[in-house]
There are 2 protein chains.
Amino acid sequence: MSRDAIDTAKKESVRTRLLEAALTSIRRKGYSATTVDELCAIAGVTKGGFFHHFKSKEALGVAAADYWSQMTSGLFVNAPYHEPDDPLERVLAYIDFRSALIEGPIAEFTCLVGTMVQEAYDSSDAIRAACEASICGHAATLEADIEAAMDKYGRTEGVSAASLALHTQAVLQGGFILAKARGGPEIAKESAAHLKRYITLLFKH
Amino acid sequence: MSRDAIDTAKKESVRTRLLEAALTSIRRKGYSATTVDELCAIAGVTKGGFFHHFKSKEALGVAAADYWSQMTSGLFVNAPYHEPDDPLERVLAYIDFRSALIEGPIAEFTCLVGTMVQEAYDSSDAIRAACEASICGHAATLEADIEAAMDKYGRTEGVSAASLALHTQAVLQGGFILAKARGGPEIAKESAAHLKRYITLLFKH
DNA sequence: GCCTTAAAACCGACTAGTTGGTATGTTTTC
DNA sequence: GAAAACATACCAACTAGTCGGTTTTAAGGC
């Protein structure tokens with residue numbers, strides 16, 4: 001471990017603990033209901049420590065969205081759904097991968113930024129923008145595969161790769177809402193299955 | 001106007017004003033960030049008035065979800081999308097109708113219960129259940145038409161009318177989230193278009 | 001390796017305002 | 001004349017954020 005890496009690790013440890021606490025709490029209760037005091041208690045830091053790392057609660061919200069982007073992008077980059085040679089297969093494998101993640105307690109598979117942007121889109125443009133970047137940035141990682149699938153299987157009028165990529169995110173986010181309303185993950189998985197069927201029909205038809 | 005109707009109108013007037021205020025505020029800032037004081041100010045009532053009608057903020061949340069169900073069901077029952085003779089046409093017309101509603105300021109076309117359940121699903125089971133009833137109740141109004149379309153155009157294995165009806169709600173809810181993140185309604189409309197294309201492909205294929 | 005030094009990391013008590021909720025009225029309605 | 005519909009004043013707990021102080025860390029001179 002290099003000098004720098006150790007520095008970073010130590011420097012980040014409290015900050016990271018606060019961010020991890022934020023992810024847990026915001027996913028469970030939302031942004032507004034999550035209090036600074038609570039995060040401090042979970043992370044084992046005092047108020048002074050919190051406001052040393054984040055100049056405001058809003059800044060924590062933005063940082064949490066960025067941290068979330070980082071964590072999830074790491075997860076998806078290393079995921080096995082990139083393996084198939086066929087681009088359409090890769091897109092469908094992505095949906096299967098997302099579907100497989102929808103398991104267990106609701107707060108553990110739902111999306112931080114989707115939850116946060118619902119409350120903050122009007123009150124904090126900084127948080128809104130961070131959530132937009134997270135969602136759209138992730139959607140963008142799908143575009144190349146969708147584009148390649150269009151090259152191979154043909155295009156449908158009015159359907160762009162970007163629009164379809166964002167639609168996948170809409171379906172997943174909507175599935176999370178229904179799962180929260182229902183109190184279980186099944187309905188979200190079913191919506192993912194509909195999405196997979198849509199994409200299959202779109203290309204194989 | 002009957003004696004009863006006048007009574008109801010007067011009796012409901014303050015309560016309704018509070019509920020209307022709740023709809024506006026919750027759709028804009030979420031449930032947690034909406035304060036009782038604020039609702040009182042908007043509705044022109046004092047705290048005493050509020051807690052006379054609602055025994056707690058949570059009770060207001062439940063009442064707001066119920067009020068929302070009432071209002072929206074009124075809107076949809078009288079909507080023109082029921083006119084077509086063909087059941088599939090009716091389903092597609094429903095989506096067009098929903099898409100046409102997605103206009104103007106975000107807080108004015110997004111869904112109250114979808115917003116509220118994101119924050120409250122874990123903290124308040126009463127609110128969660130009210131939101132579930134609202135979403136699923138509305139989805140159920142689509143089932144008959146979907147079922148009839150299946151009778152007419154054939155079924156796809158693994159696709160039930162109930163599941164497809166809920167999927168439409170998931171797509172719409174997800175579209176709202178993306179619209180909030182993006183700061184405009186267009187993306188939600190595009191997702192609705194994908195949904196329409198999916199249903200068309202599903203039945204016409 | 002040791003001492004100095006300064007900055008960064010963190011603590012903990014404090015504040016001013018806000019929160020949902022209550023207790024005790026007064027007015028209105030039937 | 002009593003019950004329902006409000007108003008008023010109040011409270012204890014909690015809210016984000018501040019501020020002066022202490023500890024920890026990293027770098028440099030010797």
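Nothing here was measured: the structure is a model prediction, and the numbers come from that model. Chain identifiers are assigned alphabetically (A, B, ...) following the order of the sequence lines, protein sequences preceding nucleic acid strands; residue numbering begins at 1 within each chain.
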So, OP1 or OP2 of C/dC10: does either fall under 4.0 Å of a side-chain N or O from A/His52?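 No, because none of the side-chain N or O atoms of A/His52 sits under 4.0 Å from OP1 or OP2 of C/dC10.
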
Let me know the distance between [atom1] of [X] and [atom2] of [N], rounded to the nearest Å.
| X | N | atom1 | atom2 | answer |
| --- | --- | --- | --- | --- |
| A/Arg15 | C/dC10 | CZ | P | 12 Å |
| B/Phe51 | C/dT19 | CZ | P | 12 Å |
| B/Phe50 | D/dA7 | CZ | C1' | 16 Å |
| B/Arg17 | D/dA5 | CZ | P | 14 Å |
| B/Phe54 | D/dA5 | CZ | C1' | 13 Å |
| A/Asp37 | D/dA13 | CG | C1' | 12 Å |

Is it the case that [X] and [Y] place a side-chain donor and acceptor less than 3.5 Å from each other?
| X | Y | result |
| --- | --- | --- |
| B/Lys180 | B/Thr115 | yes |
| B/His138 | B/Ser69 | no |
| A/Tyr94 | A/Arg98 | yes |

For B/Phe51, does the six-membered ring have the charged nitrogen or CZ of B/Lys57 within the cation-pi criterion, i.e. under 6.0 angstrom from the centroid and within 45° of the normal?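 Verdict for B/Phe51: no cation-pi partner in B/Lys57.
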
On DNA chain D, compare the nucleotides closest to B/Val45 and A/Ala33; which residue's is nearer the 5' end?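 The residue closer to the strand's 5' end, by nearest nucleotide, is B/Val45.
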
Pairwise 5' ranking along DNA chain D for A/Thr35 and A/Lys55, keeping only the more 5' one: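 The answer here is A/Thr35.
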
Checking all strands, does A/Thr46 fall into the base, sugar-phosphate, or nothing category for heavy-atom contacts under 4.0 angstrom?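 Base, at least one base heavy atom under 4.0 Å.
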
Report which part of the nucleic acid A/Thr34 touches: base, sugar-phosphate, or nothing (heavy-atom distance under 4.0 Å, all strands).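 Here A/Thr34 touches the backbone only, sparing every base.
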
Base D/dG17 paired with A/Lys57 side chain (donor-acceptor, <3.5 Å):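 No, the side chain and the base share no sub-3.5 Å donor-acceptor pair.
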
Does any donor-acceptor pair link the side chain of A/Lys47 with the base of D/dA16 at a separation under 3.5 Å?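 Side chain to base: pair present.
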
